[in-house]
Amino acid sequence: MTFEEIREKDDRYVMHTYARFPVAFVRGKGATLWDTEGKDYIDLTSGIGVNALGHDNPLLTAALEKQMHLFMHVSNLYYTEVCVTAAEKLCRASGMSRVFFANSGAEANEGMIKTARKYSEDRYGAGRNRIITLRDSFHGRTVTTLEATGQDQFHQYFLPFTGAFDYAVPNDLENLKSLVTKDTCAVMLELIQGESGVHVLDPDYVKALAAFCREKDLLLLDDEVQTGVGRTGAFYAYQKFGVTPDIVSSAKALGGGLPAGAVLVGEKCRDVLGPGQHGSTFGANPMSMAAANVVIDTVSRPDFLAAVEEKGKKLTEGILTLHSDKIAEVRGIGLMIGVVLRDPSERSSLVGKLLEKGVCVLTAGADVIRLLPPLVITDGEIASALSRMAEVF
């Protein structure tokens, strides 16, 4: 199909919930995509942080083909080797105790919220169910995770929400403490707030918050949907911050391109959920688990994680050496990078011009161009992206 044919069918048959860019991709390799006209693009989005191992990864495709010939789905009423293998690997890489597999980040966050509230009810009785999240956070698009999101712009259209969330100022522990009541059961955060502008939390604040949560028996919930599975140069970002959460949510990169989410729990919460108290028809789907096994094997290697850090430095330093008066700051960790613009009104134009030059980027907050390239991006692809960016900036 031509691009115009694809766009016409999309306009006619698909709900208009996305403002799409004027391009249709037909294939990819590594961190490079090609459109219907044969033009190449350096992909600095990885499907919004999903394609950790890039496009057309031979290890992934081989594992998926093998699993496809065995079976593509059986229910969670039965055991499968591919599920328990992925669970063991994920627990070993994360240092957590047990895992529940879901399909997405919002689902994983829902499971994390449910686990925290049940832990508190089991231990303290009904009513201790409020969760503090941070201003400028983003936790998903279900009714509950929309309310957990600490941005007013998302708190509209879909009322009533489920209730029992409070919002603290990031990096202000005293403000958070002032919100704690006898009904508070947990604190939920992103160590890097990606959607609102790639804001990295202060490590000292995170450590002090973790200590406060331990003191008050408030569960520390860590949303690693975007930061997890190697994005920051650690398997999970909390390993860089020197804390151990009670519950961690994971998704995006975990499936390497297939839908996969996970709720990981530490010792305190390992037995909170029992049979019938949570579930997911497609969670632990064998195809997604086959992909997850390859992703975990690859990303958890120390040399791979060190390479992610090095690539992040190379890309960040390369952007800074553009010496563009349009760029105010470059921030982030590893290959989670935010390019802060001096003039937010120019962002839409700059993103469009980058696409014309063959560079795919994301946005965040009001003034940030967000970069989440595949973790396997090569030095050559980084150099090509920077060369094209230089023409725009």
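Note that the coordinates shown come from a computational prediction; the quantities given were computed from them, not determined experimentally. We count residues from 1, following the sequence as given.
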- prompt: More than 12 non-hydrogen atoms from neighbouring residues, nucleotides or ligands closer than 6.0 Å to NZ on Lys357, yes or no?
  reply: no

Worksheet entry | More than 12 heavy atoms of other groups within 6.0 Å of Ile48 CD1 | no

Spell out, yes or no, whether Leu386 and Leu350 are grouped together once hydrophobic residues are joined by side-chain heavy atoms under 4.5 Å, including indirect joins. yes

query: Think Arg7 forms a cation-pi with Phe21, using NZ or CZ under 6.0 Å from the six-ring centre and within 45 degrees of its axis?
result: no

So the ring pair (Phe, Tyr, Trp, His ring centres under 6.0 Å) pairs with at least one residue in residues 332-365 (sequence neighbours excluded) are none

#### Entry: Pair Arg92 + Glu88: basic N to acidic O under 4.0 Å
yes

Looking at Lys9 and Glu4, is there a salt bridge between them, counting it only when a charged N and a carboxylate O are closer than 4.0 Å?
no

Single-linkage hydrophobic cluster, 4.5 Å side-chain cutoff, Leu173 and Ile131 together: no

Smallest heavy-atom separation, Ser137 atom then Gly150 atom, equals OG-N, 2.8 Å

Under 6.0 Å from the CD atom of Glu5, do we count more than 12 heavy atoms belonging to anything else shown? yes

May I ask you to say whether Lys177 pairs ionically with Glu174, meaning some side-chain N is under 4.0 Å from a carboxylate O?
yes

For Asp246 and Leu218, the nearest pair of non-hydrogen atoms, with its separation, is OD2-O, 4.0 Å

**OP:** Check the surroundings of atom CE in Met68: do more than 12 heavy atoms from other residues, nucleotides or ligands lie under 6.0 Å from it?
**Re:** yes

Rounded to the nearest 0.5 angstrom, the CD-CZ distance for Gln151 and Arg135 is 10.0 Å

- Give a yes or no on whether the backbone of Arg388 and the side-chain of Glu391 come within a donor-acceptor separation of less than 3.5 Å. no

* State whether the number of non-hydrogen atoms from other residues, nucleotides or ligands found under 6.0 Å of Lys268 atom NZ is greater than 12. => yes

Here the gap from Trp34 atom CH2 to Thr32 atom OG1, rounded to the nearest 0.5 Å, amounts to 5.0 Å

Go through the steps for His155 and Tyr167 under the test ring-ring contact (aromatic ring centres under 6.0 Å, His included), then give the verdict.
CA-CA 13 Å; His155 299 164; Tyr167 311 105; 5.5 Å; yes

- Message: Strictly below 4.0 Å, N to O, side chains only: are Glu195 and Arg370 in salt-bridge contact?
- Response: yes

Note: Gly49 and Leu372 closest approach over all heavy atoms is N-CD1, 3.9 Å

Problem - More than 12 heavy atoms of other groups within 6.0 Å of Arg141 CZ - result: no

**Q.** Ion pair check, Arg342 and Asp367, cut-off under 4.0 Å
**A.** no

Exercise. Do Leu221 and Leu254 sit in the same hydrophobic cluster, where Ile, Leu, Val, Met, Phe, Trp and Tyr count as joined when their side-chain heavy atoms come under 4.5 Å apart?
Worked result: no

Margin query: Please determine whether salt bridge (charged side-chain N to carboxylate O under 4.0 Å, His left out) holds for the pair Glu309 and Lys240, giving the CA-CA distance in whole Å, both sets of side-chain angles, and the decisive distance to 0.1 Å.
Written below: CA-CA 12 Å; Glu309 281 200 287; Lys240 274 188 171 293; 2.7 Å; yes

Give every donor-acceptor pair under 3.5 Å between a side-chain atom in residues 56-66 and any protein atom, sequence neighbours left out.
| from | atom 1 | to | atom 2 | distance (Å) |
| --- | --- | --- | --- | --- |
| Asp56 | OD2 | Lys29 | NZ | 3.4 |
| Asn57 | OD1 | Leu59 | N | 3.0 |
| Asn57 | OD1 | Leu60 | N | 3.1 |
| Asn57 | ND2 | Leu53 | O | 3.2 |
| Thr61 | OG1 | Asn57 | O | 3.1 |
| Thr61 | OG1 | Pro58 | O | 3.1 |

| message | I want to check something: taking the side chain as every heavy atom from C-beta on, are Val265 and Asp271 in contact at a cut-off of under 4.5 Å? | response | no

Rounded to the nearest 0.5 Å, the NZ atom of Lys326 sits from the CD1 atom of Ile369 at a distance of 10.5 Å

Rounded to the nearest 0.5 angstrom, the CG-CG distance for Asp204 and Leu209 is 12.5 Å

Check whether any side-chain heavy atom of Phe235 lies under 4.5 Å from a side-chain heavy atom of Ile296, and answer yes or no. yes

To the nearest 0.5 Å, atom OG of Ser384 lies from atom OH of Tyr41 at 13.0 Å

- May I ask you to establish whether Arg128 and Tyr124 are in a cation-pi arrangement, using a distance under 6.0 Å from NZ or CZ to the six-membered ring centre and at most 45° from the ring axis? yes

Identify whether the distance between the nearest side-chain nitrogen and carboxylate oxygen of Glu8 and Arg12 falls below 4.0 Å. yes

Could you tell me whether the side chain of Phe3 reaches within less than 4.5 Å of the side chain of Pro22, counting heavy atoms only? yes

Here the pair of heavy atoms bringing Ala290 nearest to Val82 is N-CG2, 3.5 Å

